[in-house]
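Scope of the values below: all heavy atoms of this structure, side chains included, with no hydrogens, waters or symmetry mates. All chains are named by letter (A, B, ...) in the order of the sequence lines, taking the proteins before the strands, and each is independently numbered beginning at 1.
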2 protein chains.
Amino acid sequence: MVSSKDVATQAGVSQATVSRVLNHPDRVQEKTRRKVEAAIEALKYVPNAHARSLVQDTTKLITLLSGPLYNPFFVETTSAIVTYANERGYQVNVQFVQDDELAEAYATAIQTKMAGMILSCVFLEDAIFEQLTHMSIPFITYNRKHARNEYFVEIDNVQAGYLAAKHLQDLGHTRIAFIGGSQKVSTFRDRFIGVQQALGELPQELIIHDTASKAEVFKAHAKLKTLSAPPTAIVCGADSIALEVMDVAYKERIQIPEELSIIGIDNVERSRHGAIELTTVGSISERNLGLVAIQELIKMIESEKKPCIQITESVKVFRRSTTQPC
Amino acid sequence: MVSSKDVATQAGVSQATVSRVLNHPDRVQEKTRRKVEAAIEALKYVPNAHARSLVQDTTKLITLLSGPLYNPFFVETTSAIVTYANERGYQVNVQFVQDDELAEAYATAIQTKMAGMILSCVFLEDAIFEQLTHMSIPFITYNRKHARNEYFVEIDNVQAGYLAAKHLQDLGHTRIAFIGGSQKVSTFRDRFIGVQQALGELPQELIIHDTASKAEVFKAHAKLKTLSAPPTAIVCGADSIALEVMDVAYKERIQIPEELSIIGIDNVERSRHGAIELTTVGSISERNLGLVAIQELIKMIESEKKPCIQITESVKVFRRSTTQPC
DNA sequence: TTGTGAAATGTATACGTATTCATTTGCGTA
DNA sequence: TACGCAAATGAATACGTATACATTTCACAA
């Protein structure tokens, strides 16, 4: 590995001067600068970011702990986060973590000195939260939040659940099911609360929580189908779930929306696809939640002042083709 | 920041001993080890990965230069790569790079000392390639390759193009169009070669290259539609393009496959969705190309011996519902 | 010419870790 | 008890960079 010392020797200057050429080009004479730059070019020198961040105790690295990419919501947020961070000169360390893996993901992540952390996969009551808070670096959550979170970006999940259920109710549906994820997660909990605000207490047989994988969606759908009075409509706790329900339904030749109305929440890009046309609830602004979060995080990193950041975006129904009157 | 020196003071030992507890626990006495571990716990010490990789000149970091996530192919590969690497104890630095941004992505990436690099976004004749080769670290490309690549993982793209075109031909189609990306890219070039092997020289009006964005797919489709003799079938150079063509077609109320047959290449997960059912060509083994690549890369990193790795997976047609007899 | 101050450059040090080498400890044996 | 040897530990150093501080250079005025 070629170091700044090698460059210095080659250029006939001291290592400090090389460093100055890189960091304060104005503080070094034109002629010297050119010599050094020539040496850098000749030796194909690239500064060592590890050494730099060691001495400066600062780094241009952000850790992203995202949910898994089989959920299209995380595809969009990850893409936005990484791209924006790169534009701003940050590298992004990405991990895709399943719900119960946060602790170990966190443990390995913090070994690397970083400028900030952005994550989605936190539980409402997550033991990891105290550690996060005691970290000296800024962190922000998007989509989900912790019970005592001070920095988060989300959509109005209660309202989203409410609007989704209301939409189906307004279409005349009375047997409405809910399929969602873990109630330990703020998102699903709040969305379910919203659903209940619209519909009142749902019969137990129409509520299915803890649906994380495709296989579980399959089971959930099978269970609903065999009910003596199957639902005519389903509120899905996330578009990712809705897409999987649609997959199962199509494969079983169930007509959507004729036999079954489906509404999701998140308004992911894919729900707009001509072959999908999923009715869903999403942010009015249609701003990417990940983008909002990374922008806020970088503000926090670069301005040092850290006021409490709590952004909750308003939502509305995006009506497409998977819902119709009962 | 709490350092190993602080831990040493707290435990009443030297810094070297703390280091040994972490790296060679067997070389330190049981009693001492417990003292140190207690101190680590008490001070919530985490070793600084920068300092470590500085002194060891080694690091558990891999750089991934992926194509953009609006292409579902890259969603699947990125997911597989990051997850596998994490399991093996590596952090992954991710960048999503558009075709013409490779140079700058590369420039920022190499400032961080890394164990290896994995990338997809290279052109057949890419100037960056020489720099990559002269790097002392292992790198491997997946999906795409460079003209002089020694380490790559791909599917048999010529065969894929051939089979896709042949499939349509066998169904009786004669007006077959091709929509692909840049011919500077190995993937699209080879796939197009395969198409021509099956169909002979295509009429110029039925060939559309350089289709990278959704907007360009829209334009491509519009152009084909207004032809005096529009195509009855389209070979798409990638599933991502096929999905976008389907999107446009559905929105214009064009029946697929009744009015237009579509075949893609890649066999991405999404093409199996009940609402999509895209006929496509993909690897027989259905192994994730990204996974194969990262496994090979880590082998290269950890075993030092670096034979030439050139994996080309055989392909077959996955017949679904977007193609039918003319 | 000489003195002065600013600009330019060099010297020395710190960051946190792993490791080599030197020193101490402790144990078994004579 | 004393000796020797292995095991355990400590002291010192290197990794590559940025910067505070010391030194040199240089232009300009007296």
Side-chain angles (χ1 to χ4, degrees), chain A residues 1-40 43-61 89 91 108 110-115 135-137, chain B residues 1-40 43-61 91 108 110-115 136-137:
Chain A
M1 151 148 279
V2 34
S3 73
S4 59
K5 203 176 290 179
D6 301 326
V7 175
T9 310
Q10 167 95 3
V13 299
S14 75
Q15 178 269 327
T17 301
V18 175
S19 178
R20 270 187 287 258
V21 169
L22 266 53
N23 299 289
H24 314 282
D26 50 315
R27 291 191 193 169
V28 56
Q29 229 171 356
E30 175 73 17
K31 196 178 60 178
T32 325
R33 208 185 64 208
R34 273 211 281 269
K35 272 196 303 185
V36 172
E37 281 166 350
I40 288 177
L43 272 53
K44 304 224 173 297
Y45 165 74
V46 302
N48 182 321
H50 293 304
R52 170 177 291 171
S53 79
L54 182 60
V55 60
Q56 289 194 141
D57 195 34
T58 172
T59 173
K60 297 286 256 180
L61 199 153
Q91 301 282 92
T108 66
I110 55 168
Q111 301 201 7
T112 308
K113 170 86 187 170
M114 54 193 161
M135 258 190 334
S136 52
I137 62 156
Chain B
M1 150 147 280
V2 34
S3 72
S4 58
K5 204 176 291 178
D6 301 326
V7 175
T9 311
Q10 167 94 3
V13 300
S14 75
Q15 179 269 328
T17 301
V18 175
S19 177
R20 269 186 287 258
V21 169
L22 266 54
N23 300 288
H24 313 283
D26 49 316
R27 292 192 192 169
V28 57
Q29 228 170 358
E30 174 72 18
K31 196 178 60 179
T32 326
R33 207 185 65 209
R34 273 211 282 269
K35 273 196 303 185
V36 172
E37 281 165 351
I40 288 177
L43 271 53
K44 303 222 174 298
Y45 164 74
V46 300
N48 182 319
H50 294 304
R52 171 178 289 172
S53 80
L54 182 60
V55 61
Q56 289 195 141
D57 195 34
T58 172
T59 173
K60 295 287 258 182
L61 198 152
Q91 301 282 91
T108 66
I110 55 169
Q111 299 198 10
T112 308
K113 170 86 186 170
M114 53 193 162
S136 52
I137 62 155

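- In this structure, B/Arg27 places its CZ atom 12 Å from C1' of D/dA8, rounding to the nearest Å.
- Across the protein-nucleic acid pair, A/Asp26 atom CG and C/dA6 atom C1' stand 15 Å apart, rounded to whole Å.
- Contact annotation: A/His24 reaches the phosphate of D/dT19 (side-chain N/O to OP1 or OP2, under 4.0 Å).
- Among the nucleotides D/dG16, C/dT17, C/dT9, the one closest to the side chain of A/Val55 is D/dG16.
- Here D/dG16 is the nucleotide among D/dG16, D/dT17, C/dT17 with the atom lying nearest to any side-chain atom of A/Leu54.
- Once rounded to the nearest 0.5 Å, the distance linking OG of A/Ser53 with CG of B/Leu54 reads 9.0 Å.
- A/Asp57 comes within contact range of no nucleotide atom at all, as no heavy-atom separation falls under 4.0 Å.
- With D/dG16, D/dT19, D/dT9 as the choices, the nucleotide that has an atom nearest any side-chain atom of B/Arg20 turns out to be D/dT9.
- Put simply, CG on A/Asn48 is 12 Å from P on D/dC15, counting in whole angstrom units.
- To the nearest angstrom, P of D/dG16 lies 16 Å from CD1 of A/Ile40.
- For the OP1/OP2 pair of D/dC15 and a distance below 4.0 Å, the side-chain nitrogens and oxygens of B/Gln56 include no atom meeting the criterion.
- Residue B/Glu30 contributes atom CD, which lies 17 Å from atom C1' of C/dG26 at whole-angstrom precision.
- Within the nucleic acid shown, B/Val13 comes within 4.0 Å of sugar-phosphate atoms alone, with no base atom in reach, counting heavy atoms only.
- Whole-Å rounding puts the A/His50 NE2 to D/dA18 P distance at 14 Å.
- For B/Ser4, the side-chain atoms get nearest to C/dT17 when compared with the rest of D/dG10, C/dT17, D/dA8.
- Comparing atom distances between the A/Ala16 side chain and each of D/dT19, D/dT9, C/dG16 picks out D/dT19 as nearest.
- If you check C/dA18, D/dT9, D/dT19 against the side chain of A/Ser19, the one that comes closest is D/dT19.
- Between A/Gln29 atom CD and D/dA27 atom P there is a gap of 9 Å when expressed in whole angstrom units.
- The phosphate of D/dA18 (OP1 or OP2) has a side-chain N or O of A/Arg52 nearer than 4.0 angstrom.
- Between the CD atom in B/Gln29 and the NZ atom in B/Lys35 there is a gap of 9.5 Å [rounded to 0.5 Å].
- Listed candidates were C/dT17, D/dA18, D/dG16. Nearest to the side chain of A/Asn23 is D/dA18.
- Ion pairing between a basic and an acidic side chain is recognised when a charged N comes within 4.0 Å of a carboxylate O; B/Arg34 and B/Glu37 show no such pairing.
- With D/dC15, D/dA8, C/dG10 as the choices, the nucleotide that has an atom nearest any side-chain atom of A/Thr17 turns out to be C/dG10.
- The nucleotide whose nearest atom lies closest to any side-chain atom of A/Pro47 is, among D/dA18, D/dA14, D/dT17, D/dT17.
- Between the CG atom of B/Leu43 and the P atom of C/dG16 there is a distance of 13 Å, given to the nearest Å.
- Put simply, CG on B/Leu22 and NE2 on B/His24 are 10.0 Å apart, with the number rounded to the nearest 0.5 Å.
- Closest to the B/Gln15 side chain, of the nucleotides D/dA18, D/dC15, C/dT19, is C/dT19.
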Determine, step by step, whether A/Gln10 and A/Val2 satisfy the side chain to side chain contact (heavy atoms under 4.5 Å, CB included) criterion, reporting the C-alpha distance in whole Å, the side-chain angles of both residues, the deciding distance to 0.1 Å, and the verdict. CA-CA 11 Å; A/Gln10 167 95 3; A/Val2 34; over 6 Å; no
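- Expressed to the nearest 0.5 Å, how far CG of A/Leu61 lies from CG of B/Leu61 amounts to 7.5 Å.
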